[in-house]
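No hydrogens, no waters, no symmetry mates; every other heavy atom, side chains included, goes into these values.
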Amino acid sequence: MAAHRDSAVGEQGSDGGRETEKPTEKVPVKKKSTASATTSATAGERARARGAAGAKSAAAVEPPEAESRIALVRRARRINRELAEVFPYAHPELDFENPFQLVVATVLSAQTTDLRVNQTTPALFAKYPTPEDLAAANPEEVEEILRPTGFFRAKTKSVIGLSKMLAEDFGGEVPGRLEDLVKLPGVGRKTAFVVLGNAFGRPGITVDTHFQRLVRRWKWTQETDPDKIEAAVGALFPKNEWTDLSHHVIWHGRRICHARKPACGACPIAPLCPAYGEGETDPEKARKLLKYEKGGYPGQRLNPPQAYLDAGGRPAPPLGAA
């Protein structure tokens with residue numbers, strides 16, 4: 001399916017940081033080069049080694065409460081570089097083959113897991129492969145397919161509504177502009193940036209619940225409004241890093257830095273984290289809290305990218321599998 005590429009995403013605003021004393025350079029962060037000890041180690045093994053070492057020293061190296069703007073930018077970018085090494089295969093965790101499938105899947109992901117969406121959409125797209133097909137669908141039949149995702153009536157209304165708008169206003173193609181995407185039923189800025197970043201290659205920050213939680217734990221911002229978080233964090237990074245940054249943060253939140261009990265003792269960025277100690281600090285106990293491929297379990301996609309499989313990740317089972 002073709003997709004319009006009319007213009008780039010609108011520029012983000014910026015948000016000021018705390019401007020007090022410059023933080024000390026006491027945070028003992030290891031150099032990325034560990035060739036002497038890990039020449040044949042996998043990225044996962046290197047991550048576990050960094051996590052264990054970081055956990056041992058993090059308690060004594062809490063970042064200062066007051067942090068200059070320059071130090072904040074440096075620490076934030078260092079965290080992103082470390083996460084890029086831990087999750088070099090990070091990708092959107094919704095299965096999709098074209099922009100239409102991605103926008104529908106992202107709308108369906110509200111208030112449920114990407115895994116459940118991925119288990120549900122094969123039947124939906126097999127029956128309604130194009131916006132025109134879904135626009136003309138019987139709502140009751142769509143509701144029955146979407147029932148496993150929760151809030152299926154509201155979601156049915158949204159996906160049929162956005163399909164009608166795509167068919168009538170955009171020639172059956174998903175628009176590649178933020179201002180057009182947010183006009184679609186059920187599509188807000190978060191969904192729009194998922195589509196722009198992953199279907200069109202246009203930078204955007206996806207502020208989901210994981211992203212919000214982690215950037216506040218790391219004290220990148222104290223904002224709670226998603227739009228303000230997006231602006232504040234966007235100001236810390238070059239624009240071309242926004243999409244991958246979103247993947248890194250969200251993957252870390254799902255696998256290691258959980259909401260209720262973060263696995264601090266297995267965290268590769270423990271020395272850089274002001275919230276170290278909120279979760280389990282014992283390395284052995286922390287490793288038992290790891291999820292998805294980090295814990296040896298299947299991921300959320302039924303059809304993940306090859307790079308993920310090469311890194312040891314396993315595809316999720318289809319809906320109804322034992």
Side-chain angles (χ1 to χ4, degrees), residues 9 12-18 23 25 27-34 43-44 46-51 53-55 58 61 63 67-93 190 193-194 196-198 201-223 226 228-258 262-264 266-276 292-294 307-308 311:
V9 178
Q12 303 297 306
S14 61
D15 189 40
R18 282 190 229 159
E25 299 295 332
V27 181
V29 181
K30 290 183 177 61
K31 300 289 185 182
K32 282 195 174 183
S33 175
T34 54
R46 292 197 301 273
R48 286 193 291 273
R50 285 200 308 274
V61 291
E67 187 171 36
S68 72
R69 179 69 179 181
I70 292 177
L72 170 60
V73 170
R74 288 175 177 170
R75 182 168 64 85
R77 295 184 181 184
R78 182 62 181 272
I79 287 175
N80 188 40
R81 290 196 299 271
E82 293 290 336
L83 294 182
E85 185 172 335
V86 176
F87 305 110
Y89 44 78
H91 56 267
E93 294 193 89
K190 185 189 81 169
F193 281 130
V194 170
L196 289 168
N198 298 291
R202 294 179 178 171
I205 293 177
T206 303
V207 184
D208 73 349
T209 55
H210 301 288
F211 195 95
Q212 293 183 49
R213 179 177 76 253
L214 267 62
V215 299
R216 287 199 294 269
R217 275 182 177 167
W218 296 335
K219 298 191 183 301
W220 289 2
T221 180
Q222 296 301 316
E223 300 290 352
K228 292 181 179 179
I229 291 173
E230 176 193 321
V233 175
L236 301 176
F237 295 89
K239 188 174 181 179
N240 62 0
E241 295 182 8
W242 288 353
T243 299
D244 285 341
L245 167 70
S246 299
H247 290 325
H248 298 154
V249 175
I250 292 169
W251 274 55
H252 190 61
R254 285 176 169 168
R255 286 151 175 76
I256 298 175
C257 194
H258 311 138
C264 294
C267 180
I269 59 166
L272 296 165
C273 180
Y276 174 82
Y292 303 112
E293 78 285 346
K294 291 299 178 185
Y308 177 74

Interatomic distance, CG@Leu236 vs CG@Leu72, rounded to 0.5 Å, equals 5.0 Å
Cation-pi check for Trp251 against Arg254: NZ or CZ below 6.0 Å from the six-membered ring centre and within 45 degrees of the axis, yes or no? no
Smallest separation among heavy atoms of Cys264 and Ala270, with atom names: O-CB, 4.2 Å
What residues form a ring pair (Phe, Tyr, Trp, His ring centres under 6.0 Å) with His258, not counting sequence neighbours? none
Working to the nearest 0.5 Å, report the span between NE2 of His248 and CD of Glu85. 11.0 Å
Tell me whether Arg255 contacts the main-chain N or O of Glu293 through its side chain, where contact means a donor paired with an acceptor under 3.5 Å. no
When rounded to the nearest 0.5 angstrom, what distance separates NE2 in His252 from CD in Glu82? 10.5 Å
Do Trp218 and Tyr276 have ring centroids that are under 6.0 Å from one another? no
Minimum side-chain heavy-atom gap Val249-Phe87 below 4.5 Å: no
Given side chains that start at C-beta, do those of Ile256 and Pro268 come closer than 4.5 Å, heavy atoms only? yes
Does Tyr292 have any ring pair (Phe, Tyr, Trp, His ring centres under 6.0 Å) partners at least two apart in sequence or in another chain, and if so, which? none
4.5 Å side-chain heavy-atom contact, Asp244 and His247: yes
Min side-chain heavy-atom separation Val233-Leu245 under 4.5 Å: yes
Measure across Lys190 and Thr206 and return the closest heavy-atom pair with its distance rounded to 0.1 Å. CG-CG2, 3.6 Å
Atom pair SG/CD1 of Cys273 and Ile79 - distance to nearest 0.5 Å: 7.0 Å
Cut-off 3.5 Å, side chains only: do His91 and Asn198 have a donor facing an acceptor? no
With the side chain counted from C-beta on, respond yes when Lys219 and Arg75 share a heavy-atom pair under 4.5 Å apart, and no when they do not. yes
Looking only at heavy atoms, which two atoms of Tyr89 and Tyr308 are closest? And how far apart? CD1-CD1, 3.6 Å
Could you check whether any side-chain heavy atom of Arg77 comes within less than 4.5 Å of a side-chain heavy atom of Pro238, counting everything from C-beta outward? yes
So do Cys257 and Arg217 actually touch side chain to side chain, heavy atoms under 4.5 Å? yes
Can you measure from OG1 (Thr209) to CZ (Phe211) and round to the nearest 0.5 angstrom? 12.0 Å
Distance from Ile229 atom CD1 to Gln212 atom CD, nearest 0.5 Å? 4.5 Å
